[in-house]
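Structure first, then comments.
Only a predicted model underlies this, so the values are computations on that prediction, with no experimental measurement involved. All ligand and atom numbering here is 1-based and tracks the order in the structure.
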Amino acid sequence: MKLPLVELHLHIEGTLEPELLFELAARNAVTLPWASLAELRAQYDFTDLQSFLNLYYRALDVLRERIDFTDLTRAYLARARTAGVRHAEIFFDPQAHTSRGVPLHTALAGVRDALDGAVKDWGISTKLIVTFLRDRPAAEALQILREILAGGVPIDGIGLDSAEVGYPPELFTEVFALARAHGLRLVAHAGEEGPPDYVWQALDLLGVERVDHGIRSLEDEALLDRLVRDRIPLTVCPFSNVRLRVIDTLADHPIVRMLDRGLLVCVNSDDPAYFGGYIDDNLAALDTEFGLGPDRLALLARNGIEASFLTLGEKAALAAEVDAWRSLQP
Ligand code: ADE
Ligand code: ZN
């Protein structure tokens, strides 16, 4: 039996593996700046978030047709299944596609097509969270949100991502207010490269229910008190933090300190095609590095379940499966 996992911080565009990227380039007659898989992989040496985003947005050029978005999403779900993922709340960046001429509906409906078959095909329930690029104008995000609300493709929530420093959450207050008024769930990246103040803003101005990354919250004791008191989840992504040089090495990662501080943290993969592995790889590496053992692995899995947007009944059912897994471990 695999440890049943929930993944809450996963950019579907960040699951674009080099092999699929080359296949889609050939299918869509897109000329790539990289001559081979090896030449593309040689670009995966990032110095910070922006250096990664430059490649991430460039690589998306191969996604042109609705079926491309479906194939991308199906490939993730197939891999997630082998990791033991039972529920995934997936981020999708519409502006990364509309800004290069792909219609919103083509991209969004393509992802949705794959999610609609996810329970049947892989035993994975899903939610779809549209993430807005904070380094583009809030007016553009508002326009896209209005189009999505008026259109026929259902979503479950909104989030905020892309280059963080210089783009504080307060810029997006109106966007989040509109989403809340329509009953959407709210999350935001904050405290990845940006200061703890951005986490406060995400909580108090945007009203987010969950913070993506949030690791710089460790610099602010009052913020930690608030996160612990209100059981605000932080979706932590260890491989991402190391590869984007937010943390020097995995051995320096504060995940255990965060657990010990009483924070509701869970482990996620962020952009697994670029950062060296999927959610199971992240957990296995942490287990090796810190000797987490079955109790803390089960705690991380239960935290993911609690942090999700599943119903209480669905959470209880999955948590019982985690307990069953734990009872089979030494
Ligand atoms: N978009 C994709 N991955 C991201 C990350 N780690 N931070 C901000 N924006 C992103
Ligand atoms: Zn992210």
>> Test your reading of the structure: does Asp270 have an N or O sitting under 3.5 Å from an N or O of ligand 1?
In response: yes
> Roughly how far, to the nearest 0.5 Å, is the CD atom of Glu89 from the CD atom of Glu7?
Replying inline: 10.5 Å
>> I need the atoms of ligand 1 closer than 4.0 Å to a non-hydrogen atom of Phe52, numbered in the order shown.
In response: 2 (C), 3 (N)
> Going by the atom numbers of ligand 1, which of them fall below 4.0 Å from some non-hydrogen atom of Asp161?
Replying inline: 1 (N), 9 (N)
> To the nearest 0.5 Å, what is the distance between CG (Leu292) and CG (Leu283)?
Replying inline: 7.5 Å
> Hey, which atoms in ligand 1 end up nearer than 4.0 Å to a heavy atom of Glu192?
Replying inline: 5 (C), 6 (N), 7 (N), 8 (C)
>> I need the atoms of ligand 1 closer than 4.0 Å to a non-hydrogen atom of His11, numbered in the order shown.
In response: 1 (N), 2 (C), 3 (N), 4 (C), 10 (C)
> If you stand at the Zn ion (ligand 2) and look out to NE2 of His11 and NE2 of His189, what angle do those two lines make, to 10°?
Replying inline: 90°
> What's the atom name of the N, O or S in Asp270 nearest to the Zn ion (ligand 2)?
Replying inline: OD1
>> Could you check whether any heavy atom of Gly14 sits closer than 4.0 Å to an atom of ligand 1, since that is the contact criterion I want to use?
In response: no
>> Please classify the Glu13 to ligand 1 contact at 4.0 Å (heavy-atom distances, strictly less than): side chain, backbone, both or neither.
In response: neither
> Does one side chain, of Glu314 or Thr311, offer a donor that lies under 3.5 Å from an acceptor on the other?
Replying inline: yes
> Taking the six-membered ring of Tyr76 as reference, does the NZ or CZ atom of Arg81 fall below 6.0 Å from its centre and within a 45° cone about the axis?
Replying inline: no
> For atom 3 (N) of ligand 1, what's the nearest protein heavy atom and its distance?
Replying inline: Asp271 OD2, 2.7 Å
> Given the rule in the side chain to side chain donor-acceptor pair (under 3.5 Å) test, do Ser51 and Asn54 qualify, once you have shown the distances and angles that lead to the verdict?
Replying inline: CA-CA 5 Å; Ser51 70; Asn54 293 343; over 6 Å; no
>> To the closest 0.5 Å, what do you measure between CG (Asp323) and CG (Leu328)?
In response: 11.0 Å
> Between Leu53 and ligand 1, which residue portion shows a heavy-atom distance shorter than 4.0 Å: side chain, backbone, both, or neither?
Replying inline: side chain
> Of Phe52, Tyr56, Tyr44, which is the lone residue that meets ring pair (Phe, Tyr, Trp, His ring centres under 6.0 Å) with Phe275?
Replying inline: Phe52
> Of all the atoms in His213, is at least one N, O or S atom closer to the Zn ion (ligand 2) than 2.8 Å?
Replying inline: no
>> Tell me the protein heavy atom at minimum distance from atom 9 (N) of ligand 1, and give that distance in Å.
In response: Ser162 N, 2.8 Å
>> Using a 4.0 Å cutoff against the non-hydrogen atoms of His213, which atoms of ligand 1 qualify?
In response: 6 (N)
> Do Asp71 and Arg66 sit within salt-bridge range, that is, some charged N less than 4.0 Å from a carboxylate O?
Replying inline: no
>> Do the side chains of Asp225 and Arg261 get close enough for a salt bridge, i.e. N-O under 4.0 angstrom?
In response: yes
> Between Asp161 and Arg134, is a salt bridge (Lys or Arg N to Asp or Glu O under 4.0 Å) present by the stated rule, with each step listed?
Replying inline: CA-CA 6 Å; Asp161 63 358; Arg134 65 203 311 157; over 6 Å; no
>> Once you restrict to heavy atoms under 4.0 Å, what part of Phe91 touches ligand 1? Side chain, backbone, both or neither.
In response: neither
